[in-house]
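Below you'll find the structure, written out as structure tokens, and then a few comments.
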Amino acid sequence: MKFRLREWILPIIVLAILLAFTPTALYRVYKTGDFYLFTNTFFGDMFARLHGPGRFRFILQPTVAILLGIRDGRKDARAGAVPFLWGVIFHRKVRGKLLKEMLTSVRNIVSIAILLDLISQYLIFRMVRPGAALILGPVLIALPYSFTRALTNRIVRRHGASGSGNVSESP
């Protein structure tokens, strides 16, 4: 598959923004000793984000991820592929291919999720914590996508719409 810069512009911009805020975040950790991630403050801030600017993204982004998971799960079922999570966890031969497909499908939506988290952090807290954005943004996308893709594959195959292909690898 050929690398296309145009498809990677948004992720590159988001990465540049993350890198721009990283020195400030590291300095804050050095000065305060507060690593922030997975602390009481971190979880309290998560709750604050549910009520602050950009809270609609907590509905929109998982919904888009679910729709992409349904699309890709149907493709998997028609191809006779193993369910996504099962393949990623237990089938080493297809793990890389499945993860690459996932990255291709959700690359821009994950980039948008990270960017929106950075913006909402600034609007709510007047500071940006890049580590938190790198965790929350992808979680809002990867979890719903993965589960929906695997579940859709199973449902479509169970209802006999899988077409031809090897379905004997699934449990």
Q: Find out whether the Lys NZ or Arg CZ of R28 is both under 6.0 angstrom from the six-membered ring centre of Y30 and within 45° of the ring's axis.
A: no
Q) Side-chain contact, heavy-atom cut-off 4.5 Å: E101 with D76? A) yes
(Q) Using side chain to side chain contact (heavy atoms under 4.5 Å, CB included), reason through H91 and V94 one step at a time and then give a plain yes or no. (A) CA-CA 6 Å; H91 293 274; V94 296; 3.5 Å; yes
(Q) Tell me whether L67 shares a hydrophobic cluster with I112, the cluster being built from Ile, Leu, Val, Met, Phe, Trp, Tyr side chains joined at under 4.5 Å. (A) no
Q: May I ask whether L123 and L60 are part of the same hydrophobic cluster, defined by side-chain heavy atoms of I, L, V, M, F, W, Y residues being less than 4.5 angstrom apart, directly or through others?
A: yes
Q | I12 side, atom CD1; L5 side, atom CG - distance, nearest 0.5 Å | A | 5.0 Å
Q. Rounded to the nearest 0.5 Å, how far does CG of L10 lie from CG of L115?
A. 7.0 Å
**Q.** For P62 against R57, the heavy-atom pair lying closest together
**A.** CD-O, 3.4 Å
Q) Of the non-hydrogen atoms in L98 and V88, which two are nearest, and what is the gap between them? A) CD1-N, 3.8 Å
Q. Is the number of heavy atoms from other residues, nucleotides or ligands under 6.0 Å of F125 CZ greater than 12?
A. yes
Q. CG/D45 to CE/M127 distance, rounded to the nearest 0.5 angstrom?
A. 8.5 Å
Q. Could you state the interatomic distance from CE (M102) to CG (L99), rounded to the nearest 0.5 Å?
A. 7.5 Å
Q | Any Q61 side-chain heavy atom under 4.5 Å of L116 side chain | A | yes
Q | From CD1 (I89) to CZ (F84), nearest 0.5 Å | A | 9.5 Å
Q: Give, for atom OG of S120 and atom CZ of F56, the distance between the pair rounded to the nearest 0.5 Å.
A: 14.5 Å
Q: Kindly determine whether S105 and R71 satisfy side chain to side chain donor-acceptor pair (under 3.5 Å), including the steps that lead there.
A: CA-CA 10 Å; S105 290; R71 179 196 68 188; 3.2 Å; yes
Q: Report the relative orientation of the aromatic rings in F38 and F43; use parallel for angles under 30°, tilted for 30 to 60°, perpendicular for over 60°.
A: tilted
Q) Do F47 and F58 belong together in a cluster built from hydrophobic side chains that touch within less than 4.5 Å? A) yes
Q: Give a yes or no on this: more than 12 heavy atoms of other residues, nucleotides or ligands lie within 6.0 Å of atom OH of Y36.
A: yes
Less than 3.5 Å apart, which donor and acceptor atoms pair up between the side chains of residues 129-147 and the rest of the protein, not counting sequence neighbours?
| from | atom 1 | to | atom 2 | distance (Å) |
| --- | --- | --- | --- | --- |
| Y145 | OH | D72 | OD2 | 2.5 |
| Y145 | OH | R149 | NH1 | 2.9 |
| S146 | OG | A142 | O | 2.8 |

Q) Going only through I, L, V, M, F, W and Y residues with side-chain contacts under 4.5 Å, is there a path from L15 to I9? A) no
Q | ILVMFWY cluster, I119 and Y122 together (side-chain gap under 4.5 Å) | A | yes
Q: Answer whether the closest heavy-atom distance between the side chains of L18 and L118 falls below 4.5 Å.
A: yes
Q | Minimum-distance pair of heavy atoms, taken over all atoms of V82 and N153 | A | O-ND2, 3.4 Å
Q) If you take all heavy atoms of V64 and I109, which pair is closest and at what distance? A) CG1-CD1, 3.4 Å
Q. Under a 4.5 Å cut-off applied to non-hydrogen side-chain atoms, are L50 and M46 in contact?
A. no
Q | Shortest non-hydrogen contact between V156 and R74, atoms and distance | A | CG2-CG, 3.9 Å
Q | Minimum side-chain heavy-atom gap K100-L103 below 4.5 Å | A | no
Q | Residue pair P11 / R107: nearest heavy atoms and the distance that separates them | A | CG-CG, 3.4 Å
